[in-house]
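Take a look at the structure below.
Labels below follow one simple rule: chain letters A, B, ... track the order of the sequence lines, proteins then strands, and each chain is numbered from 1. All values below were derived from every heavy atom in this structure, side-chain atoms included, with hydrogens, water molecules and symmetry-related copies excluded.
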2 protein chains.
Amino acid sequence: MDAAQISQVRRFNRTVTERVGVLHDHYLGRDRPIGEARLLWEIGEQGQDVRRLRERLGLDSGYISRLLRSLETDGLVTVEPQQHDRRVRTVRLTNAGRSERAMLDGRSDELAGSLLEPLNTAQRARLVAAMAEVDRLLTAATVTLDTVDPGHPDAQLCLRFYFSELQARFDTGFDPAQSLLPDASELRPPQGLFLVARMHAEPIGCAGLKLPPDAPAEIKRMWVAPHARGLGLGRRFLAELEARAARHGHDVLRLDTNKALGAAIGLYHSCGFQEVPAFNDEPYAHHWFEKRIAGPPSR
Amino acid sequence: MDAAQISQVRRFNRTVTERVGVLHDHYLGRDRPIGEARLLWEIGEQGQDVRRLRERLGLDSGYISRLLRSLETDGLVTVEPQQHDRRVRTVRLTNAGRSERAMLDGRSDELAGSLLEPLNTAQRARLVAAMAEVDRLLTAATVTLDTVDPGHPDAQLCLRFYFSELQARFDTGFDPAQSLLPDASELRPPQGLFLVARMHAEPIGCAGLKLPPDAPAEIKRMWVAPHARGLGLGRRFLAELEARAARHGHDVLRLDTNKALGAAIGLYHSCGFQEVPAFNDEPYAHHWFEKRIAGPPSR
DNA sequence: TCCATTCTCTGACTTTAGTCAGAGAATGTT
DNA sequence: AACATTCTCTGACTAAAGTCAGAGAATGGA
């Protein structure tokens with residue numbers, strides 16, 4: 001990796017942990033330990049199951065329990081068994097807890113303000129823009145692509161969003177019964193595979209790949225959640241699927257798409273796909289693309 | 001302050017403390033407490049006085065003393081009285097300490113690498129550029145402008161750099177004896193004032209202001225250290241001097257400059273200075289500027 | 001020379017942030 | 001009904017991080 005890049009990243013880390021990190025603890029930990037403050041924050045307005053809090057904060061169950069006890073004796077939260085499964089307990093903010101959380105919220109604003117405050121208008125605008133960029137890219141870097149069974153709940157969730165988005169965006173609406181939908185078994189080894197993209201363990205996108213023995217590999221059902229767009233995830237899916245197809249001995253990758261999906265069409269072009277004549281009878285397709293890809297590694 | 005800006009800054013803070021902060025502690029605190037690791041780092045290759053370490057890290061003297069004792073028994077540092085003042089003690093790394101520090105250095109590189117690693121080439125370049133921008137602007141926000149006596153060591157240091165830079169950049173070189181140099185007393189109340197810009201307590205720039213009773217206020221000896229350029233410091237000096245001049249009842253601010261100082265000339269133009277005929281006989285000046293400024297606050 | 005100040009250190013604390021091993025209740029599985 | 005599993009909690013620890021009050025040595029200034 002480029003040494004100049006590394007050293008710039010290190011300078012950034014240093015500046016930011018000094019300026020932001022220290023202030024963060026100073027502002028947030030003013031009248032209660034930051035552990036408690038973070039927990040109070042993470043509970044949120046609607047309440048949370050203890051189990052989820054533990055996952056999110058990555059803390060020991062004994063430790064969390066003790067923190068909750070302390071918030072409870074301060075009258076900031078109530079802890080009650082969940083209705084459906086009485087082993088799980090749900091934490092909710094009391095009114096006092098809500099106002100304490102609002103105060104933390106205000107502190108966070110203060111902290112943000114204190115970073116901007118010494119700068120002039122032009123500098124503020126540039127700082128905020130650069131922060132947005134750093135934020136986006138660091139977030140993008142935490143996205144994982146995992147191979148899952150198409151029947152997995154996360155896969156099913158993505159597919160439901162995918163279909164409802166097609167329904168909303170196609171001029172004609174979208175009726176799965178009309179479309180050439182691959183059977184789930186076609187996107188499951190050995191006939192294919194299915195990827196789910198996750199950010200902080202939440203599913204945020206999916207893509208399927210058909211790997212027929214005597215025909216080109218084919219991409220199906222690629223979707224990225226609206227709030228995760230602009231992170232280069234589409235491009236990453238394409239690169240990953242291309243590599244997987246090549247590894248399975250395919251040298252052509254293809255896909256079809258609808259004219260309403262302009263951003264996707266642009267993406268295919270910029271990733272080296274060529275438009276070709278229709279290679280199937282998909283009624284919802286207006287464009288068909290193909291790309292020659294490298295064969296499997298030759299050793 | 002703009003609410004959208006505040007919330008972007010908050011998102012940034014959150015992402016960065018999660019991604020960078022947590023990794024930072026994880027990488028650095030791998031085999032010794034982060035307090036010790038930070039201290040080891042801060043001692044540096046040349047060693048440091050205990051007093052400075054305390055300032056830099058903002059820790060209690062008892063606590064630092066205990067940390068040093070622990071590093072000392074591990075054979076990583078030696079602590080000895082300073083030559084000139086035997087109350088002060090100086091900490092130096094042993095060879096073992098040096099190699100431990102080098103390992104921390106390697107870890108910092110690893111951490112930086114792990115942030116870039118999941119990204120493609122284009123994304124890396126964008127992330128690094130955005131980080132550089134954030135770094136620069138957050139750093140700029142920590143710069144203070146302090147009024148000092150022109151005889152103060154920090155002022156003198158800046159002036160030496162200033163003169164040697166003029167010597168290097170003017171076609172003709174620069175000989176102070178030829179120039180209309182204000183006497184130090186002219187840049188000291190009540191006849192004037194002298195500002196030093198400091199970053200982390202290090203002087204990084206200066207500017208003088210003459211306030212003659214019956215003539216326009218005049219800016220002299222404005223200089224910014226090369227490594228601190230691009231932080232908007234020149235603009236900040238001008239704004240500050242303008243405010244000070246106005247506060248002392250002046251309504252015109254002027255200055256002269258040499259044609260070799262192109263960036264400065266651009267700055268004067270963009271800050272509302274107008275070029276005017278020569279108002280003095282400064283042999284090194286090619287351009288003279290003037291700006292009408294607001295009088296003192298009228299209440 | 002005396003006295004105030006500066007600097008570092010030690011001893012005696014506290015708080016925070018955890019870890020680990022089990023207990024006990026509820027639930028799911030056979 | 002028996003058994004394994006899941007979930008939260010308590011008790012008993014530990015390590016890190018820090019605070020506070022002075023003691024003692026060195027220095028600077030009157």
Side-chain angles (χ1 to χ4, degrees), chain A residues 17-18 21-22 24-43 47-74 76-92 104, chain B residues 17-18 21-22 24-43 47-74 76-92 104:
Chain A
T17 48
E18 270 181 26
V22 173
H24 182 263
D25 294 359
H26 170 71
Y27 273 91
L28 260 61
R30 214 142 47 176
D31 24 36
R32 67 179 57 251
I34 47 162
E36 286 184 21
R38 279 202 300 157
L39 184 54
L40 203 54
W41 181 260
E42 212 59 54
I43 290 167
Q48 273 294 331
D49 293 350
V50 171
R51 170 219 318 220
R52 287 204 64 136
L53 290 173
R54 212 169 44 229
E55 269 171 31
R56 288 275 272 270
L57 295 167
L59 299 177
D60 175 86
S61 73
Y63 185 34
I64 272 242
S65 178
R66 224 173 300 274
L67 289 176
L68 286 174
R69 231 40 61 226
S70 149
L71 292 178
E72 211 173 13
T73 55
D74 288 1
L76 302 177
V77 303
T78 56
V79 183
E80 282 171 353
Q82 201 205 51
Q83 289 192 336
H84 307 297
D85 182 345
R86 309 230 329 274
R87 291 169 302 183
V88 180
R89 309 238 291 162
T90 302
V91 191
R92 263 176 249 284
L104 290 177
Chain B
T17 47
E18 270 181 26
V22 173
H24 182 263
D25 294 359
H26 171 74
Y27 274 91
L28 260 61
R30 214 140 51 177
D31 23 38
R32 67 177 61 252
I34 47 160
E36 285 184 22
R38 280 203 300 157
L39 183 55
L40 203 54
W41 181 261
E42 212 58 55
I43 290 166
Q48 272 294 334
D49 294 348
V50 171
R51 168 218 323 216
R52 286 205 64 134
L53 290 172
R54 212 170 44 229
E55 269 171 32
R56 288 275 271 269
L57 296 167
L59 300 177
D60 176 85
S61 74
Y63 185 35
I64 271 239
S65 179
R66 225 171 300 274
L67 289 175
L68 285 174
R69 230 42 61 222
S70 151
L71 293 177
E72 209 172 16
T73 55
D74 288 359
L76 301 178
V77 304
T78 57
V79 183
E80 282 172 353
Q82 202 206 51
Q83 288 191 338
H84 305 297
D85 182 343
R86 309 231 328 275
R87 290 169 304 184
V88 181
R89 310 236 294 160
T90 302
V91 190
R92 262 176 251 282
L104 291 177

What is the distance, rounded to the nearest whole Å, between atom CG of B/Leu67 and atom C1' of C/dT8?
14 Å
Which is it for A/Leu67 and A/Glu36 under the side-chain contact (heavy atoms from CB on, under 4.5 Å) test, yes or no, and what are the steps along the way?
CA-CA 6 Å; A/Leu67 289 176; A/Glu36 286 184 21; 3.8 Å; yes
Against the side chain of B/Arg87, the closest entry in D/dC9, D/dT19, C/dT6 is C/dT6
Is any side-chain N or O of A/Arg89 closer than 4.0 Å to OP1 or OP2 of D/dC7?
no
Select one nucleotide: of C/dC9, D/dG18, D/dT10, the one nearest the side-chain heavy atoms of B/Leu68.
C/dC9
By nearest-heavy-atom nucleotide on DNA chain C, the more 5' of A/Tyr63 and B/Val88 is B/Val88
With a 4.5 Å cut-off on side-chain heavy atoms, are A/Ile34 and A/His24 touching?
no
Go through C/dA12, D/dA12, C/dT8 for me and flag the one nearest to the B/Arg66 side chain.
C/dA12
Return the nearest nucleotide to the side chain of B/Asp60; candidates are C/dT8, D/dC9, D/dC20.
D/dC20
Once you round it to whole Å, what is the distance between P of D/dT8 and CD of A/Gln48?
12 Å
Relative to the 5' end of DNA chain C, which residue comes earlier, A/Pro33 or B/Arg69, by the nucleotide with the nearest heavy atom?
B/Arg69
Just compare C/dG18, D/dA17, C/dT27 and give me whichever is closest to any side-chain atom of B/Ile34.
D/dA17
Looking only at heavy atoms, which two atoms of A/Arg32 and A/Asp74 are closest? And how far apart?
NH1-OD2, 3.4 Å
Candidate list B/Gln82, B/Arg89, B/Arg87, B/Gln83, test side chain to side chain donor-acceptor pair (under 3.5 Å), partner B/Asp85, passing option
B/Arg87
Once hydrogens and angles are ignored, does a donor-acceptor distance under 3.5 Å link the base of D/dC9 to the side chain of A/Ser61?
yes
Which nucleotide in the list C/dT8, D/dC9, D/dC20 gets nearest to the side chain of B/Arg54?
C/dT8
NZ/NE/NH1/NH2 to OD/OE distance under 4.0 Å, B/Glu55 and B/Arg52:
no
If you check every side-chain atom of B/Arg86, which of D/dC9, D/dT27, D/dG11 has the closest atom?
D/dT27
Out of D/dT8, C/dC9, C/dT27, which nucleotide sits closest to the side chain of A/Asp85?
C/dT27
Rounded to whole angstroms, how far apart are CZ on B/Arg52 and C1' on C/dC7?
16 Å
